[in-house]
*Asks:* 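Before we start, here is the structure in question, set down as structure tokens.
Below, read A as the first sequence line, B as the second, and so on, with proteins coming before strands; counting in each chain starts at 1.
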Number of protein chains: 2
Amino acid sequence: MADVAREAGVSVMTVSNVLNERLPVGETTRARVMAAVEALGYEVNLTARHLRAGRTDTVAFIAPSFHDYFGEVSDEIALRVESEGRHLVLERTGGGPEQEMEALSVSRLRLYDGVLLSVAGLDIDRLERVRTSTPIVLLGERDAPERFDHVRLANEEGARLATAHMIDGGSRRIVALGGTFDPGHTMSSDRRLGWERAMTDAGLGVDPRYVVPISEYSSAAARDALLEVIDSGLPFDGVCSITDVIALGAISALAERGLRIPEDVQVTGFDNLEMVQFVPPGLTSVDANHEELAEKAVGMLHRRIAGWDGPAEHVVVPVRLVVRGSTRGRA
Amino acid sequence: MADVAREAGVSVMTVSNVLNERLPVGETTRARVMAAVEALGYEVNLTARHLRAGRTDTVAFIAPSFHDYFGEVSDEIALRVESEGRHLVLERTGGGPEQEMEALSVSRLRLYDGVLLSVAGLDIDRLERVRTSTPIVLLGERDAPERFDHVRLANEEGARLATAHMIDGGSRRIVALGGTFDPGHTMSSDRRLGWERAMTDAGLGVDPRYVVPISEYSSAAARDALLEVIDSGLPFDGVCSITDVIALGAISALAERGLRIPEDVQVTGFDNLEMVQFVPPGLTSVDANHEELAEKAVGMLHRRIAGWDGPAEHVVVPVRLVVRGSTRGRA
DNA sequence: CTGTTAGCGCATTCAT
DNA sequence: ATGAATGCGCTAACAG
């Protein structure tokens with residue numbers, strides 16, 4: 001900038017004023033400055049500007065990865081962050097708790113005016129230790145410390161809807177694929193609870209053999225787990241998968257064993273990813289309502305960034321069932 | 001930092017030395033400093049450190065979105081960037097040329113030590129105008145200015161392999177779904193060329209009616225385009241899709257019209273996304289070799305960051321065919 | 001309208 | 001082993 005000022009024969013402040021259109025600058029001076037900028041190929045150093053300004057006008061969305069679910073969510077988030085004139089950057093943690101803590105290192109957080117943090121692999125104790133002045137909004141289905149703003153889905157209700165819909169379509173023995181009996185709130189436990197509620201509501205027993213945990217949230221693991229169920233001889237006529245990615249594994253396993261969807265087995269997913277409508281016969285899925293999730297989360301974050309200092313808010317975003325060919329019930 | 005120094009009764013430099021473990025510091029002094037750091041909840045200001053250091057130890061991967069293909073690529077890239085002790089951040093452009101130029105605004109680029117840029121929506125003229133001292137490596141299938149390092153896939157060869165494999169499996173009338181006759185190198189044109197080459201090599205004619213462009217690279221658009229082909233009565237027995245996402249649309253369309261895969265129509269994709277192995281009957285796809293792509297791109301970038309100043313390198317990454325149930329040929 | 005001064009928080013250099 | 005001075009590049013505040 002000093003170089004530009006020298007080249008144009010003005011002071012650095014004039015250069016700054018021209019570039020930021022802050023104070024009015026004389027026409028000829030402005031022209032000279034712009035010419036010098038061009039000639040020298042000058043561009044502002046944002047690092048210096050950020051240091052000076054004490055803010056970066058940038059928000060980070062930190063998540064395990066941006067495949068599938070978070071990929072779709074990030075599109076919605078980007079839209080809303082940018083509409084407020086801020087920049088969105090994505091950081092992946094890889095899902096491991098160590099990396100998540102690394103990304104959470106408070107010094108890194110301070111590079112951003114605000115942070116949207118998906119708490120996938122992070123437990124409540126570790127989160128509790130995070131102390132920073134940077135506003136943070138948590139996204140995710142796990143329990144989280146009270147003091148953070150937090151947005152989660154209506155997990156139990158979603159799984160209940162899906163399961164009830166399959167019961168409506170005639171299923172009686174429904175596998176909760178990916179479900180667990182974890183204490184507290186987790187995605188796998190909350191959604192299992194919804195399955196349980198639907199079964200109970202329908203007067204069907206809750207047999208724990210039908211809760212099938214999987215080693216990791218991948219289609220491959222889901223496929224293997226369901227193949228094992230099939231081969232064990234446990235009879236079932238429905239699969240309530242706790243995510244779409246897991247449902248895809250289930251579909252693969254059923255096809256491999258020659259079971260027809262939905263005639264022999266109905267299948268539901270959760271998330272309503274873009275792709276699942278194209279996997280024949282179309283996956284019935286709980287829509288995870290990315291728009292409202294993003295709307296809430298970004299709204300809360302911007303409010304904090306603006307200095308709002310109210311108590312932490314904990315929002316549950318409603319979901320709805322999208323019926324497709326993988327189930328027999330009516331929409 | 002000054003606060004910490006005061007609290008500990010030392011100078012700021014001592015605090016800095018303690019935190020960075022640069023110069024040796026006396027044991028008792030170090031303890032006092034750490035205590036003060038804890039007491040005040042101090043964390044370094046990375047913005048200031050970056051300004052001072054003139055680098056950020058951070059690399060950006062800029063892409064249209066991180067669904068599907070780029071999501072998988074970014075995992076490989078992250079691994080390699082982090083193993084060199086740098087941080088990876090992702091920026092999405094949304095695919096529009098304006099936003100891509102926005103992300104490319106040279107001032108933003110200078111926030112990073114290096115940039116991996118996917119050139120999806122960006123044409124060569126716009127890129128030509130980008131002038132910055134920040135090292136950039138281009139990823140993508142389009143033509144790009146000579147002066148940039150650039151990594152692309154063996155697009156033509158991949159599509160040729162897929163098409164030849166379907167011919168081998170008995171197909172004679174193969175649709176190039178998503179192909180175009182664009183001049184120059186684009187993904188859609190190069191892959192169409194591979195299809196063409198395979199058809200010619202097999203002594204089959206190249207009928208332009210079998211090159212079916214799509215309005216955008218989505219499953220929905222692909223599905224619509226193929227439904228139109230089916231309903232037009234044009235006979236075909238194979239679909240060479242230029243991406244897996246497009247293949248998924250094709251699978252959906254074929255299922256909807258009651259055509260069986262692979263008995264009536266063979267289908268191939270390109271990218272070998274994680275998910276396609278689970279879509280019954282398993283999609284035969286050209287593996288886009290994320291590992292080698294990432295390896296090359298990150299390697300080139302790190303070399304540049306280290307100050308290497310050789311001529312721009314243009315790398316073509318080899319691909320291979322992964323055979324699954326959607327085709328009849330042998331592996 | 002334009003220039004001067006000062007400081008954001010850190011780390012290099014040199015002095016003690 | 002520790003401290004003081006200096007400047008990275010920018011802009012708010014004030015002076016001219």
Side-chain angles (χ1 to χ4, degrees), chain A residues 1-37 40-58 85 87 105-113 132-134, chain B residues 1-37 40-58 85 87 105-113 132-134:
Chain A
M1 191 144 161
D3 296 342
V4 174
R6 196 175 321 111
E7 172 88 7
V10 299
S11 77
V12 290
M13 265 327 292
T14 303
V15 177
S16 177
N17 286 330
V18 167
L19 294 174
N20 296 300
E21 298 172 344
R22 195 166 304 273
L23 301 185
V25 175
E27 207 31 73
T28 68
T29 315
R30 132 177 269 99
R32 271 219 315 279
V33 169
M34 292 310 283
V37 165
L40 300 180
Y42 167 83
E43 290 282 335
V44 286
N45 179 328
L46 287 185
T47 302
R49 176 179 290 177
H50 293 164
L51 175 60
R52 176 65 231 232
R55 57 192 171 74
T56 59
D57 292 324
T58 300
H87 217 90
S105 103
V106 182
S107 34
R108 268 223 65 88
L109 295 189
R110 293 198 39 185
L111 286 173
Y112 305 109
D113 290 351
T132 172
S133 55
T134 306
Chain B
M1 191 146 166
D3 296 342
V4 174
R6 195 175 322 109
E7 171 88 7
V10 298
S11 76
V12 290
M13 266 330 293
T14 302
V15 177
S16 177
N17 285 330
V18 167
L19 295 174
N20 296 299
E21 297 174 343
R22 198 167 302 273
L23 299 185
V25 174
E27 209 28 75
T28 69
T29 316
R30 129 176 272 100
R32 271 217 317 279
V33 170
M34 292 309 285
V37 165
L40 300 181
Y42 167 83
E43 290 282 335
V44 286
N45 178 326
L46 287 185
T47 302
R49 177 178 289 177
H50 292 165
L51 175 60
R52 175 65 230 231
R55 57 194 171 72
T56 58
D57 293 324
T58 300
H87 221 89
S105 104
V106 182
S107 34
R108 270 214 75 79
L109 295 189
R110 292 199 38 185
L111 286 173
Y112 305 109
D113 290 351
T132 172
S133 55
T134 306

*Asks:* Can you identify which nucleotide, out of dG3(C), dT2(D), dT11(D), has its nearest atom closest to the Thr14(A) side chain?
*Replies:* dG3(C)
*Asks:* Rounded off to whole Å, could you give me the CE-to-P distance for the Met1(A) and dC10(D) pair?
*Replies:* 5 Å
*Asks:* Nearest to the side chain of Val12(A) - dC10(C), dT2(D), dT11(D)?
*Replies:* dT11(D)
*Asks:* Please give, in whole Å, the distance from dG9(C) C1' to Asp3(B) CG?
*Replies:* 11 Å
*Asks:* Can you tell me how far C1' of dG3(C) sits from CZ of Arg32(A), to the nearest Å?
*Replies:* 14 Å
*Asks:* Is the side chain of Asn17(B) donor-acceptor paired with the backbone N or O of Arg22(B) at a distance under 3.5 Å, no angle test?
*Replies:* no
*Asks:* Compare all side-chain heavy atoms of His50(A) with those of Leu51(B) and state whether any distance is below 4.5 angstrom.
*Replies:* no
*Asks:* Of the nucleotides dT11(D), dG3(D), dC1(C), which has the atom closest to the Ser11(B) side chain?
*Replies:* dG3(D)
*Asks:* Take the protein atom CZ of Arg52(B) and the nucleotide atom P of dT13(C), then report the distance between them rounded to whole Å.
*Replies:* 8 Å
*Asks:* Give one of base, sugar-phosphate or nothing for Thr29(B), where a contact means two heavy atoms less than 4.0 Å apart.
*Replies:* sugar-phosphate
*Asks:* Roughly, in whole Å, what's the span from CG in Asn17(A) to P in dG16(D)?
*Replies:* 18 Å
*Asks:* Describe the nucleic acid contact of Gly26(B) in one word from base, sugar-phosphate, nothing, applying a heavy-atom distance below 4.0 Å.
*Replies:* sugar-phosphate
*Asks:* Mind checking whether Glu43(A) and Thr132(B) have side chains closer than 4.5 Å, heavy atoms only?
*Replies:* no
*Asks:* If you check every side-chain atom of Arg49(A), which of dC10(D), dG3(C), dC8(D) has the closest atom?
*Replies:* dC10(D)
*Asks:* Check every strand shown and say whether Met13(A) touches a base, only sugar-phosphate, or nothing at a heavy-atom separation below 4.0 Å.
*Replies:* base
*Asks:* How many Å lie between CG on Leu111(B) and P on dC8(D), as a whole number?
*Replies:* 19 Å
*Asks:* Where each residue is assigned the nucleotide of DNA chain D containing its nearest heavy atom, which of Glu27(B) and Ala53(B) is assigned the position nearer the 5′ end?
*Replies:* Glu27(B)
*Asks:* Base, sugar-phosphate, or nothing for Asn20(B), non-hydrogen atoms under 4.0 angstrom?
*Replies:* sugar-phosphate
*Asks:* Please tell me which of the listed nucleotides, dT11(D), dG9(C), dG3(D), lies nearest to the side chain of Leu51(B)?
*Replies:* dG9(C)
*Asks:* Round to the nearest Å and state the distance from Arg30(A) atom CZ to dT2(C) atom C1'.
*Replies:* 14 Å
*Asks:* Going by side chain to side chain contact (heavy atoms under 4.5 Å, CB included), Asp3(B) matches just one of Arg6(B), Met1(B), Glu7(B). Which one?
*Replies:* Arg6(B)
*Asks:* OP1, OP2 of dC10(D) versus side-chain N and O of Ser16(A): anything below 4.0 Å?
*Replies:* no
*Asks:* When you measure from the side chain of Arg22(B), which nucleotide among dT12(C), dC10(C), dT2(C) comes out closest?
*Replies:* dT12(C)
*Asks:* Please report the distance, rounded to the nearest Å, between CZ in Arg55(B) and C1' in dG9(D).
*Replies:* 17 Å
*Asks:* Taking the side chain as every heavy atom from C-beta outward, state whether His87(B) and Asp57(B) have any pair of such atoms under 4.5 Å apart.
*Replies:* no
